[in-house]
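Before any comments, here is the structure.
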Amino acid sequence: MRQSMTLIPTLREVPADADVKSHQLLLRAGFIRQNASGVYSYLPLAKRVLVKIEAIVREEMDKAGAVELLMPALQQAELWQESGRWYSYGPELMRLKDRHEREFALGATHEEVITSLVRDEVKSYKRLPLTLYQIQTKFRDEKRPRFGLLRGREFIMKDAYSFHSSPESLADVYERIFTAYSNIFARCGLNYRAVIADSGAMGGKDTLEFMVLSDIGEDTIAYSDTSSYAANIEMAPVVAAYEKSDEAPRNLEKVKTENQKTIAEVSSFLQVNEMQCIKSLLFKIDGRPVLVLVRGDHEVNDIKLKNLFEATTVELAEAGETKEILGCEVGSVGPIGVKDVEIIADDAVKSIVNGVCGANEEHYHYVNVNPEKDFEAGRYADVRFIQEGDPSPDGQGNILFAKGIEVGHVFKLGTRYSEAMDAVYLDENGKSQPMIMGCYGIGVSRTLAAVAEQFNDDKGFVWPAAVAPYKVHLIAVNPKDEAQSSLSEELYEALGKNYEILFDDRHERAGVKFADADLIGIPVRVTVGKKAADGIVEVKNRKTGEVLEVQTNSLADTIKSLLGS
RNA sequence: CGGGAUGUAGCUCAGGUUGGUAGAGCACUAGCAUGGGGUGCUAGGGGUCGCAGGUUCAAUUCCUGUCAUCCCGACCA
C-alpha cells in the first residue's frame with residue numbers, strides 16, 4: 001500500500017484525553033479515532049491488525065472443531081425475557097424500540113440467540129456436541145468506559161458456544177478451547193496467564209480467565225510464588241490457619257473513643273494491633289441487611305458473599321440505612337447486642353481474643369471482645385480478600401499480586417440457558433434432556449489494545465510480526481531523486497509479491513517519514529536513500545534499532561531472517 | 001451513580017480575574033528554497049469560544065442551567 005493513498009493520520013502531540021499508553025499511541029499513530037465515549041472508528045492500520053488477530057482466532061477455533069456463523073446484533077426483547085436477563089441484566093444492556101414500539105436490545109452477548117437457534121434446529125443427541133462461534137461487535141453501556149479500546153461500549157468479540165449431551169463431552173471441548181486460547185494469545189506475542197475466575201452473572205462454574213499481565217490491568221491476579229496457581233483475587237480462597245492466642249478472655253468493657261472511626265484511628269487510639277479489631281460492615285444482600293465481620297487488617301470480599309448467599313446483588317448499605325437499622329454511624333458499628341440482623345463473620349474473626357469492636361453507639365467501642373462469648377455470629381466463612389503473603393490455596397508457596405487485562409474467558413455454563421429456554425434433545429432412550437452448554441469469549445479489540453499496551457517504546461509501537469499491520473515499511477527518502485524513486489518503485493513491486501508492504505511515497509521530509517515509521521511500528525524498515533544509485537539500501541529492525549546496509553539482491557534474505565527471528 | 005477536572009481552529013493550548021465580536025505553535029493551502037531524523041521564508045484558508053437561558057448598551061469573559069469528554073471511586077462475562 002502506498003502511504004499517499006491510505007489514511008494514517010499521525011499526531012505529533014499526545015491527545016489530552018488519553019492517559020494509558022495503548023490509547024495514546026493508537027491515536028497518535030493514526031490507528032483509531034474516538035466518536036463517543038467508549039466508541040471508536042478503527043482506521044486502516046487498526047483494521048489490518050484486527051484482521052490479523054481474527055485470522056489467528058479463526059485458525060485456532062477451527063482447529064479446535066468450532067464452526068463460524070454470524071448472529072444478529074439487533075435482538076428481540078422476547079429472547080432476553082425468556083432467559084430472564086431482560087430484567088436482570090440492568091442498564092448495561094442497550095435497549096431500543098423499533099417503529100412499531102417493539103422492544104429490542106443490541107447484543108451484549110449471544111447466549112439467548114444461539115440457544116434459541118440450536119433449540120430449534122438440533123433435536124437429537126446424534127447432532128451433539130456442536131460448537132459454534134462468531135466474531136462480532138458487542139454493545140454494553142458501561143458505566144464508565146475507559147482506557148481507549150480496553151473498555152469500550154462497543155467492541156469486537158469472538159464468542160463461542162458449545163452444546164453437549166454429557167459433562168464429559170463438555171469437559172473435552174472446554175479443554176480444546178482452552179488449548180486454542182493458549183495458542184491464540186501466545187501467537188499474538190502476549191505475556192498472559194490463565195487464572196481461576198468468578199462466573200459472575202453468567203452462572204455456571206469451572207471458569208478460567210486469560211489475563212494479559214499489565215500494570216494498567218483492572219483485575220488483580222493472586223498467584224503463588226512457587227507453584228503455577230493463579231486466580232482472580234475475587235475468587236482466591238483463603239486457606240490460612242488462624243492461631244488463637246491462649247490469652248485468658250477478659251470481661252467485656254465499653255470505652256469512650258471520641259471521634260475515632262476508622263480501624264486505623266481506633267487501633268492507634270486504643271494502642272492495639274489492627275488484627276485485634278473486628279471490622280463490621282452492614283451489607284444489603286438481595287436487599288436484606290447482613291452484618292459482615294472481618295479482622296481489622298482484612299477486606300470484605302463481596303464476590304465471596306454473593307456466591308455464599310447465592311445472591312444476585314451485594315452492596316454496602318448506605319450511611320443512612322446503617323443508621324436506621326443499627327442506630328449509629330458507620331464508624332461505630334459492631335456485632336454486640338445486634339438483633340434481627342443476620343451476622344456472618346470471616347473465619348479469622350473466630351480466633352480473636354480480647355478484641356475491639358464498635359458499640360453501635362457514637363464515640364464508643366467495646367474492648368475485650370470475645371466471639372462466641374460476647375456475640376454470636378450466625379456463621380463463619382471465608383468472606384475476605386486474600387492478601388499478599390497469605391499461603392497459596394494449593395498449599396505451595398505464598399501469594400503475590402499482579403495486575404491483568406482480561407482478554408479471554410472460558411466457562412462451563414451447564415444448563416442455565418437450556419433449561420430457561422427449553423433447549424432440549426432426545427437421548428438414546430428417546431428421553432428429553434436439557435443441553436449442557438459451555439461458552440467462550442475473546443475480546444478481539446481488547447486484545448489489539450493489550451498488544452498495543454505491551455509492545456511499544458518511547459518512539460512508538462513495536463508490533464510483533466504476527467499481528468503487525470504490515471511486515472515491511474519501505475521509505476523513499478527523497479522521491480524527487482530519480483535513482484531513489486525508481487529503485488523504491490522497483491522494490492515496492494518486487495517485495496510486494498512476498499510481503500505486506502507499506503510504501504512511504506509521500507513528499508515529506510526524511511525526518512517526518514522516519515518519525516512516523518517509528519510511531520507506526522512496522523517490524524522491518526527498508527530505506528532507499530543516497531546509495532540507491534549503487535543498489536544499496538538500508539534495513540532497520542524496529543525492535544532492536546539495528547541497521548544494516550544491504551545490496552538489493554540480498555535484501556529478500558535479510559528481510560526473511562529479520563521476520564523469522 | 002458519588003467525587004474531581006475540562007470544554008476556545010484538525011491537534012496541543014493561551015486569553016477570561018479587569019465584559020468592547022479571538023490568539024500562538026503544530027497541522028492545512030499556494031509559491032520559492034531545501035531534501036537522511038518532525039526544514040526555512042513568503043502569502044493564505046479555517047472558530048455560532050460545547051449548548052440554552054439570564055444580567056448588560058455590549059458576554060468567549062459574569063450568573064444559572066444543561067450537555068459532552070476525561071480522571072478517581074462504586075459498578076462490570
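All values below were derived from every heavy atom in this structure, side-chain atoms included, with hydrogens, water molecules and symmetry-related copies excluded. Below, chain A is the first sequence line, B the second, and so on; all start at residue 1.
Counting only distance, with no hydrogens or angles, the side chain of K158(A) and the backbone of Y440(A) share a donor-acceptor pair below 3.5 Å.
Rounded to whole angstrom, the span from the CD atom of Q34(A) across to the P atom of rA68(B) amounts to 13 Å. Between N35(A) atom CG and rU69(B) atom P there is a gap of 11 Å when expressed in whole angstrom units. The distance from atom CZ of F283(A) to atom C1' of rA74(B) is 12 Å, rounded to the nearest whole Å. The distance between atom CG of D159(A) and atom P of rA77(B), rounded to the nearest whole Å, is 16 Å. With rounding to whole Å, L305(A) atom CG is found 16 Å from rA74(B) atom C1'. When rounded to the nearest whole Å, the span between CG of L25(A) and P of rC11(B) equals 18 Å.
Side-chain to base pairing of E13(A) with rG25(B): one donor and one acceptor N or O lie within less than 3.5 Å of each other.
For E489(A), the salt bridge (Lys or Arg N to Asp or Glu O under 4.0 Å) partners two or more places apart in sequence, or in a different chain, are R2(A). T527(A) is linked by a side-chain hydrogen bond (donor to acceptor under 3.5 Å, both in side chains) to R525(A), counting only residues two or more places apart in sequence or in another chain. Shown here are the ring pair (Phe, Tyr, Trp, His ring centres under 6.0 Å) partners of F503(A), two or more places apart in sequence or in another chain: Y492(A). The ring pair (Phe, Tyr, Trp, His ring centres under 6.0 Å) check on F178(A) picks up F210(A), with sequence neighbours excluded. For E490(A), there are no salt bridge (Lys or Arg N to Asp or Glu O under 4.0 Å) partners at least two apart in sequence or on another chain. Every residue was checked against the ring pair (Phe, Tyr, Trp, His ring centres under 6.0 Å) condition with Y133(A), not counting sequence neighbours, and none meets it. Listed by chain and residue number, nothing satisfies the ring pair (Phe, Tyr, Trp, His ring centres under 6.0 Å) test with H473(A) (two or more places apart in sequence, or in another chain).
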Quiz prompt | Nucleic acid footprint by protein, nucleotides 31-40 of chain B - heavy-atom cut-off 4.0 Å, B for base, S for sugar-phosphate alone | solution = ---BBBBBB-

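Counting any heavy atom pair closer than 4.0 Å across all strands shown, D219(A) reaches no nucleic acid atom.
Remark: T207(A) is not in phosphate contact with rA77(B), judged by side-chain N or O atoms under 4.0 Å from OP1 or OP2.
Under the salt bridge (Lys or Arg N to Asp or Glu O under 4.0 Å) criterion, the residue pairs touching residues 208-223 of chain A are R146(A)-E218(A), R151(A)-E218(A), with sequence neighbours excluded.
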What nitrogen or oxygen pairs link the protein and nucleotides 5-9 of chain B at under 3.5 Å?
none

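rG47(B) and rA68(B): their P atoms are spaced 26 Å apart (whole Å).
With 3.5 Å as the limit, one finds no donor-acceptor pair spanning the side chains of T137(A) and E154(A). Inspection of the Y417(A) and E111(A) side chains reveals no N or O donor paired with an N or O acceptor under 3.5 Å.
With rA77(B), rC76(B), rA74(B) as the candidates, the nucleotide lying closest to the side chain of R151(A) is rC76(B). Distance from the side chain of R146(A) is smallest to rA74(B) among rC70(B), rA74(B), rA77(B).
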Expected list for residues 515-523 of chain A: side-chain donor-acceptor pairs under 3.5 angstrom, two or more places apart:
| from | atom 1 | to | atom 2 | distance (Å) |
| --- | --- | --- | --- | --- |
| D516(A) | OD1 | T10(A) | OG1 | 3.0 |
| D516(A) | OD2 | T10(A) | OG1 | 3.4 |
| D516(A) | OD2 | R506(A) | NH1 | 3.3 |
| D516(A) | OD2 | R506(A) | NH2 | 3.1 |

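Paired runs in RNA chain B that reach 3 or more consecutive Watson-Crick or G-U pairs, where each pair keeps both distances under 3.5 Å, cover B:1-7 with B:67-73, B:10-13 with B:23-26, B:28-33 with B:39-44, B:50-54 with B:62-66.
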